[in-house]
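Numbers restart at 1 for each chain; the letters A, B, ... are given by sequence-line order, proteins then strands.
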There are 2 protein chains.
Amino acid sequence: MSRPEALSPARLKDAAPLFAALGDATRLGLLVSLCAGGPLTVTRLSSQFDVTRQAITKHLEVLSEAGLVKSSRQGRERIWAFEPKRLEDAHQYLERLSKEWDVALARLKAFVET
Amino acid sequence: MSRPEALSPARLKDAAPLFAALGDATRLGLLVSLCAGGPLTVTRLSSQFDVTRQAITKHLEVLSEAGLVKSSRQGRERIWAFEPKRLEDAHQYLERLSKEWDVALARLKAFVET
DNA sequence: GAAAAATGCAACCAAGGGGTTGCATCAATT
DNA sequence: AATTGATGCAACCCCTTGGTTGCATTTTTC
């Protein structure tokens, strides 16, 4: 076996909060903004959405805890930037799942043809 | 442009509930079970987790509304099966996002080197 | 040094989510 | 037809979440 614990319970508990962070339209919008538009400040980000600055702050904190975004202070303002590593994790997790599915299908096929 | 509205707001509202459905450890566990172990009934699935059958039912309904799972009646029991199509959607969405990121990086690089 | 801009912090609120218990139904089996 | 097994339905509970308002704090900037 090359991937012994590919979808172990431990990995589930790691992946769940990651997907949960992606599971909100506003947060996805924030990620898109930070992806395409480069690092931005909270107030500038807020101007692109129809919710309060404080709401955006909370969303950014959620994204930050999920590792999808990171912030740094610069003087009186705080700059938020996209963090691509964690997105790759989510990507890999989905791939593992669909791989598992393919394996199961192949197994079924082999069984039927026997 | 080959992907005119790659990350339009409309797509955000489509992707968010999908990721939200994936954002729970129990639900991810259910998907893994249905992926690897083939179609199963609610009661059999429940035996693999430490929550009530009704809780599992609710989770399955969430997954069903997200299009990640589908059910069919067979006599007195209801069979739940994994549905791979929608997982591909999630996968593509993540790819679009990281692509956007790559493009932005390339743009930045070009700008710096000018 | 005072006004303005960008955040931070806290309390509060309504709604949704994950979970439970209890009971009703519906189908299979003997 | 009576029992047993698999679901379905509904009410209820507690905690989280997304959102708000109001005010304090920290830097700029004039």
Query raised in the report: C:dG17 phosphate, OP1 or OP2: any side-chain N/O from B:H59 under 4.0 angstrom?
Result: no
Report summary line: To the nearest 0.5 Å, atom NZ of A:K99 lies from atom CG of A:L7 at 12.0 Å
Query raised in the report: For B:E65 and C:dG16, what is the distance between atoms CD and P respectively, to the nearest whole Å?
Result: 13 Å
Requested in this report: Send over the distance from A:L40 CG to C:dA6 C1', rounded to a whole Å.
Outcome: 14 Å
Query raised in the report: Relative to the 5' end of DNA chain D, which residue comes earlier, A:D24 or B:E61, by the nucleotide with the nearest heavy atom?
Result: B:E61
Query raised in the report: Is there a side-chain polar atom (N or O) of B:R27 under 4.0 Å from OP1 or OP2 of C:dG18?
Result: yes
Report summary line: Heavy-atom nearest pair, A:V69 first then A:W80, reads CG1-CE3, 3.5 Å
Report task. Carefully, step by step, assess A:R96 and A:E100 under the rule side chain to side chain contact (heavy atoms under 4.5 Å, CB included). Result -> CA-CA 6 Å; A:R96 286 204 184 88; A:E100 201 85 25; 5.9 Å; no
Query - Selection from C:dG19, D:dT20, D:dG8 that lies nearest to any side-chain heavy atom of A:Q54 - result: D:dT20
Show each protein N/O and nucleotides 24-28 of chain D N/O combination with a separation under 3.5 Å, one pair to a line.
unit_1, atom_1, unit_2, atom_2, d
D:dT28, OP1, A:R76, N, 3.3

Requested in this report: Could you name each residue pair satisfying salt bridge (charged side-chain N to carboxylate O under 4.0 Å, His left out) that touches residues 75-87 of chain B, not counting sequence neighbours?
Outcome: B:D14-B:R86, B:K70-B:E83, B:E83-B:K85, B:R86-B:D89
Query raised in the report: So what does B:T52 hit on the nucleic acid, given a heavy-atom distance under 4.0 Å: a base, only sugar-phosphate, or nothing?
Result: base
Query raised in the report: Between A:R78 (CZ) and C:dA5 (C1'), how many Å, whole number?
Result: 17 Å
**Report entry** Whole-Å gap separating C1' (D:dG18) and CD1 (A:I56)
**Finding:** 11 Å
Query - Hydrophobic cluster membership, B:I79 vs B:L40, 4.5 Å side-chain cutoff - result: no
Query raised in the report: A:L30 has an atom CG; how far is it from atom P of D:dG18, in whole Å?
Result: 12 Å
Requested in this report: Give the rounded distance in Å between these two atoms: CG of B:L60 and P of C:dG17.
Outcome: 16 Å
**Report entry** Quiz item: B:K58 side-chain donor-acceptor pair to C:dG19 base, under 3.5 Å
**Finding:** yes
Query raised in the report: With a 4.0 Å cut-off on heavy atoms, is B:V62 in touch with a base, just the backbone sugar-phosphate, or nothing at all?
Result: nothing
Requested in this report: Measure from CH2 on B:W80 to C1' on D:dG8 and round the result to the nearest Å.
Outcome: 12 Å
Only distances under 3.5 Å count here; give the side-chain donor-acceptor pairs of residues 48-67 of chain B to other protein atoms, sequence neighbours excluded, each with its distance to 0.1 Å.
unit_1, atom_1, unit_2, atom_2, d
B:Q48, OE1, B:S33, OG, 2.8
B:T57, OG1, B:R53, O, 3.1
B:H59, ND1, B:R27, NH1, 3.1

Report task. Could you state the atom-to-atom distance from CZ of B:F19 to P of D:dT17 in whole Å? Result -> 19 Å
Query raised in the report: Hey, what's the ring geometry for B:F19 with A:F19, parallel, tilted or perpendicular (30° and 60° as the breaks)?
Result: parallel
